Amino acid sequence: MTVKTRFAPSPTGYLHIGGVRTALFSWAYARHHKGEFLLRIEDTDLARSTAESVNIILEGMNWVGLNYDNADHVVYQTRRFDRYKQVIAELLEKGHAYYCYCSKEELEAMRDQAEKEGTATYDRRWRPEEGKTLPEIPAGREPVVRFKMPLEGITRWQDLVKGEIAIPNEALDDLIIARADGTPTYNFCVVVDDFDMGITHVIRGDDHVNNTPKQINILKAVGATLPEYGHLPMILNEQGRKISKRSGDTVAITEFDAMGILPEAMLNYLARLGWAHGDDEFFTMAQFTEWFDLKDVSPSPSRMDLKKLYWINGEHIKATPNDKLAALLKDRLAIRGIRDTARPALEDVLALVKDRAQDLNALADECLYFYEKQTPAEADVAKHWDEEASARMLRFAERLEAVDNWNAEAIHELFKPFCEEEGIKMGKLGMPLRLVVCGTAKTPSVDAVLALIGKEEVLRRIRS
Ligand code: GLU
């Protein structure tokens with residue numbers, strides 16, 4: 001059997017980080033088993049679904065690099081209405097479904113009653129049964145179609161994450177599968193899609209656990225082989241509450257891009273939310289797919305930890321080749337006014353500074369002074385600049401001018417004799433030198449920085 005999983009987002013806004021984690025586990029499960037991972041856009045809620053959100057999902061999947069199979073044939077529910085209608089007709093014909101003509105008022109009364117008695121909401125008044133006389137069809141009322149849930153017994157499944165789940169069938173309502181206007185309802189579409197797509201493993205958020213027994217019973221009626229189910233616990237925010245945009249949490253995947261998180265770091269971090277492989281924190285997606293198994297997914301919710309996300313991101317930045325990093329930084333540097341990054345070559349700059357930043361924005365900031373002197377912070381000036389500094393820097397510029405073979409070692413060799421002559425410690429040279437050349441006191445070793453910036457430019461900066 002080829003494993004087939006799917007990610008089935010509803011395009012009603014942004015791509016949620018919880019959705020991406022669901023997609024990641026679904027993807028990893030399929031890749032681990034050399035199976036297929038499919039994408040399905042659940043856009044039947046016409047009032048809330050937009051083409052723009054579909055694009056946001058496609059772009060988000062592309063950004064994180066979760067590649068799905070049959071990319072030219074992504075399933076859109078709105079394109080499948082004929083098929084849903086066909087299955088509804090079949091279920092009606094085979095007696096698995098029936099028309100219900102209840103009015104809104106009748107249903108409301110039933111709901112009140114059921115709340116009092118703690119029973120299923122719908123009293124099955126239109127469900128055909130042997131020896132039962134059905135009510136008279138009210139004139140001019142369009143019926144809904146309801147699915148005949150089993151009345152007795154238990155629907156159970158061995159959840160791949162949560163273990164056995166068993167729901168007494170009497171708690172299951174005769175679900176509406178088609179509205180009065182003929183449009184199919186959500187749970188029904190999911191069933192037909194999972195069946196038609198040949199999904200073997202439904203891996204999704206545990207907010208869908210309540211849907212599963214309904215879907216299992218419809219699948220049985222349709223004659224499908226049941227898929228396995230794995231329900232993933234939700235992600236909590238740092239305060240331990242359900243992560244949500246409303247509470248001000250960062251949830252849209254595009255926001256993490258804006259924060260300067262690398263897609264591979266994002267996935268590495270999400271993989272560790274609720275799943276572990278020993279003490280491994282930093283790994284590649286190739287390792288992850290090799291190691292991944294649903295049985296190692298924790299059944300309890302996991303918490304966001306932004307500090308850890310940034311740490312992992314820093315590790316991925318260090319592991320990214322400099323030419324790739326340079327390409328990734330172009331836009332962020334352009335926004336900061338730096339368009340020409342040929343001298344010094346951005347790759348060389350990155351080799352020097354890339355272990356100093358945990359996100360791409362901070363990394364871009366670290367590169368700026370190689371191209372343009374920054375405006376120093378007043379506190380740094382107060383701390384490191386004194387009245388002698390100007391004259392001293394000009395004296396040091398003369399030494400620099402005399403260096404023929406401009407490199408870090410040659411520059412470094414100037415420091416000791418100069419400090420001795422001036423009767424100062426290295427800090428009294430290094431810090432003002434950083435300020436006058438770079439405009440910041442926070443740089444890697446100053447000889448290496450000066451070497452990269454170049455002789456002419458260093459002298460120009462000191463002397464102006
Ligand atoms: N469309 C559902 C959601 O976005 C997922 C349904 C499913 O995976 O079965 O939550």
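It should be emphasised that the depicted structure is a prediction, and the values quoted were computed from it without experimental measurement. Ligands are counted one by one from 1 in listed order, and the atoms in each one are counted from 1 as well. Counting begins at 1 with the first residue of the sequence.
Considering only non-hydrogen atoms, atom 8 (O) of ligand 1 lies nearest to Arg6 out of His208, Arg6, Gln77, Gln215.
Asn70 is listed as a side-chain neighbour of Glu36, based on a closest heavy-atom distance under 4.5 Å.
Residue Asp207 has no nitrogen or oxygen atom sitting less than 3.5 Å from a nitrogen or oxygen atom of ligand 1, judged on distance alone.
For ligand 1, the atoms closer than 4.0 angstrom to any heavy atom of Glu42 are 1 (N), 2 (C), 5 (C), 6 (C).
In terms of the ring pair (Phe, Tyr, Trp, His ring centres under 6.0 Å) criterion, residue partners of Trp291 (sequence neighbours excluded) are, by chain and number, His277, Phe283. Scanning for ring pair (Phe, Tyr, Trp, His ring centres under 6.0 Å) contacts around Phe25 gives Phe292, with sequence neighbours left out.
With salt bridges taken as basic N to acidic carboxylate O contacts below 4.0 Å, one links Asp194 and Arg40.
Of all protein heavy atoms, the one closest to atom 6 (C) of ligand 1 is Tyr186 OH, 2.8 Å. From the protein, the heavy atom lying nearest to atom 5 (C) of ligand 1 is Ala8 O, 3.2 Å.
Neither the backbone nor the side chain of Tyr229 comes within contact range of ligand 1; no heavy atom lies under 4.0 Å.
A heavy-atom separation below 4.0 Å is not found between Phe7 and ligand 1.
No cation-pi contact links Lys214 to Phe147, judged by a cut-off of 6.0 Å to the six-membered ring centre and 45° from its axis.
Under the 3.5 Å distance criterion, with hydrogens and angles disregarded, a donor-acceptor pair is assigned to the side chains of Asn217 and Thr155.
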